[in-house]
2 protein chains.
Amino acid sequence: MKKIKISDISKEYKNTDLSSNMEDYIEAIAMLSERNRIVRVKDIAGKLNIKMPSVTAALSKLKEVNLIEYEKYGFIELTGEGKRIAERICQRHFCLKDFFQIILLLSSEEAEDVACKLEHDISPEACRQIHKFLDFYNTEENLNRDWTKRLKNILSQ
Amino acid sequence: MKKIKISDISKEYKNTDLSSNMEDYIEAIAMLSERNRIVRVKDIAGKLNIKMPSVTAALSKLKEVNLIEYEKYGFIELTGEGKRIAERICQRHFCLKDFFQIILLLSSEEAEDVACKLEHDISPEACRQIHKFLDFYNTEENLNRDWTKRLKNILSQ
DNA sequence: TGACATAATTAGGAAAAACTAATATTATTA
DNA sequence: TAATAATATTAGTTTTTCCTAATTATGTCA
């Protein structure tokens, strides 16, 4: 079970000024570059379930606004600003995923799916409240409160 | 404070197979026809913050798929199927709004905004869990449980 | 190293949604 | 009822995002 620290409350869950789509590309690049040493057009296409030409087009736009560095047929890397934005998107993603998985007891996959969809539209304020809730819940749960058991019971039905 | 009945759990929060946009049009028409006896293109445009020609185009599509009845320069009305779909969208909307307002203590306006955005992307399963949670919370709250006070305290900070 | 496979790009197009400007219809009221 | 105001529609664009087919570049291995 993921533990969320009080200090994490400092997260602001700021908006990015990007379209949902562009956020998806940034997020995919960030996640892929954590796993693999290089990120390929094909990988991004695979992750987002689209064809390569769509990726190429998106990369041009992201390069245009200085969120990635790349040359034709070359490497794909987030710039500093790209990384900062990826961080924001991922924070919202994980906040939502934790909430749906830990509190609402959706399966990991279902929670992942929901997070992927909602992360683009949830407001920073709403995300901060969810974060506080998670924080509260984890503390209470550690104390083995009765209400969390009753809640789990109801949510499992 | 809105009270949610156990029986409401029967809500399925099914998907609609419409784009977010089309869902917005259907929802707007449903809400407007509750208040006014007739629904005008101008009203829909006002509610959705877009211009009239965009509405006209959307109405053609909705008519095409038999979700509304209307003739040029005439009345706009949801068909039976249109109403059933509007009902689904509104159920998700109010479920989300209640959650963000009652549990997470967002202002009514902020909760409304968030609900409007998320209602198109949240999965039925996730919505059902939120519903159960609301139900649980209302019961617990009625018993004036200590944990709801602690939670409110934290969320108000 | 040359042939073949893999990966990436370009070119061209389609669908969804929105817009402005121009036109047409309906409603109001003097 | 004729003139004006309010509404609605059409025509024509734009932007975003995706696609297929064709081409180009890169990488591999016999």
Side-chain angles (χ1 to χ4, degrees), chain A residues 15-29 32-33 35-78 82 85 89 116-121, chain B residues 15-29 32-33 35-78 82 85 89 116-121:
Chain A
N15 287 327
T16 67
D17 297 335
L18 295 175
S19 68
S20 297
N21 257 286
M22 289 300 131
E23 285 192 355
D24 277 334
Y25 282 109
I26 290 285
E27 190 181 13
I29 294 168
L32 287 168
S33 54
R35 306 214 173 290
N36 321 331
R37 61 195 187 306
I38 61 161
V39 178
R40 296 211 281 327
V41 170
K42 192 194 160 201
D43 300 329
I44 300 172
K47 185 151 185 77
L48 298 179
N49 245 295
I50 56 180
K51 299 297 160 69
M52 288 199 290
S54 306
V55 176
T56 302
L59 293 180
S60 297
K61 288 188 195 164
L62 291 174
K63 184 183 178 176
E64 198 62 37
V65 293
N66 290 306
L67 295 179
I68 62 169
E69 281 179 61
Y70 101 117
E71 302 305 326
K72 268 169 204 167
Y73 299 101
F75 297 127
I76 300 163
E77 262 187 314
L78 293 172
I85 286 181
I89 299 166
C116 271
K117 286 182 183 160
L118 302 191
E119 69 192 12
H120 306 297
D121 291 314
Chain B
N15 287 327
T16 68
D17 296 336
L18 295 176
S19 68
S20 299
N21 257 285
M22 290 300 130
E23 286 191 355
D24 277 334
Y25 283 107
I26 290 285
E27 189 181 13
I29 294 168
L32 287 167
S33 55
R35 307 215 174 289
N36 320 330
R37 61 197 186 306
I38 61 161
V39 178
R40 295 210 284 323
V41 170
K42 193 196 160 200
D43 300 330
I44 300 172
K47 185 152 185 77
L48 299 180
N49 244 295
I50 57 180
K51 299 297 160 68
M52 288 197 290
S54 307
V55 175
T56 303
L59 294 180
S60 298
K61 288 187 198 167
L62 291 173
K63 184 184 176 175
E64 197 62 34
V65 294
N66 291 306
L67 296 179
I68 62 170
E69 280 179 62
Y70 101 117
E71 302 305 327
K72 269 169 206 171
Y73 299 100
F75 297 127
I76 300 163
E77 263 187 314
L78 293 173
I85 286 181
I89 299 166
C116 272
K117 287 182 183 161
L118 302 191
E119 70 192 10
H120 307 297
D121 292 314

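First the proteins, then the strands, lettered A, B, ... as listed; each starts at 1. Side chains included, hydrogens not; waters and symmetry mates left out as well; all remaining heavy atoms used.
- Among residues at least two apart or in separate chains, salt bridge (Lys or Arg N to Asp or Glu O under 4.0 Å) pairs with a member in residues 39-56 of chain A are A:Arg40-A:Asp43.
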Between the protein and nucleotides 17-20 of chain D, list every N/O to N/O distance that falls short of 3.5 Å.
from   : atom 1 : to      : atom 2 : distance (Å)
D:dT17 : OP1    : A:Ser19 : OG     : 2.7
D:dT17 : O3'    : A:Asn21 : OD1    : 3.4
D:dC18 : OP1    : A:Asn21 : OD1    : 2.6
D:dC18 : OP2    : A:Tyr25 : OH     : 2.8
D:dC19 : OP2    : A:Lys51 : N      : 2.9
D:dC19 : OP2    : A:Ser54 : OG     : 2.8
D:dT20 : OP2    : A:Lys51 : NZ     : 3.4

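- With sequence neighbours excluded, no residue forms a salt bridge (charged side-chain N to carboxylate O under 4.0 Å, His left out) with A:Glu64.
- Residues that satisfy the side chain to side chain contact (heavy atoms under 4.5 Å, CB included) test with B:Ser19, not counting sequence neighbours, are B:Asn21, B:Met22.
- When the side chain to side chain contact (heavy atoms under 4.5 Å, CB included) test is applied to B:Ser60, the partners found at least two apart in sequence or on another chain are B:Tyr70.
- Results of the side-chain contact (heavy atoms from CB on, under 4.5 Å) test with B:Tyr25 over B:Leu67, B:Ile76, B:Val55 single out B:Val55 as the only residue that passes.
- For the pair B:Leu59/B:Ile29, a side-chain contact is recorded, criterion being any heavy-atom separation below 4.5 Å from C-beta on.
- For the segment residues 67-77 of chain B, residues with any heavy atom less than 4.0 angstrom from an atom of DNA chain C are, sorted by number, B:Tyr73.
- In terms of the salt bridge (charged side-chain N to carboxylate O under 4.0 Å, His left out) criterion, residue partners of A:Lys63 (sequence neighbours excluded) are, by chain and number, A:Glu71.
- The footprint of chain A on DNA chain C, defined by a heavy-atom cutoff below 4.0 Å, extends from C:dA7 to C:dT10.
- In terms of the side chain to side chain contact (heavy atoms under 4.5 Å, CB included) criterion, residue partners of B:Asp24 (sequence neighbours excluded) are, by chain and number, B:Glu27, B:Leu48, B:Glu119, B:His120.
- Following rounding to the nearest Å, B:Leu59 (CG) and D:dT10 (P) show an atom-to-atom distance of 11 Å.
- The CG atom of A:Asp17 sits 14 Å away from the P atom of D:dT16 (whole-angstrom rounding).
- Remark: A:Ser33 engages A:Val39 in a side chain to side chain contact (heavy atoms under 4.5 Å, CB included) (not counting sequence neighbours).
- Listed by chain and number, the residues in a salt bridge (charged side-chain N to carboxylate O under 4.0 Å, His left out) with B:Glu23 are B:Arg92 (sequence neighbours excluded).
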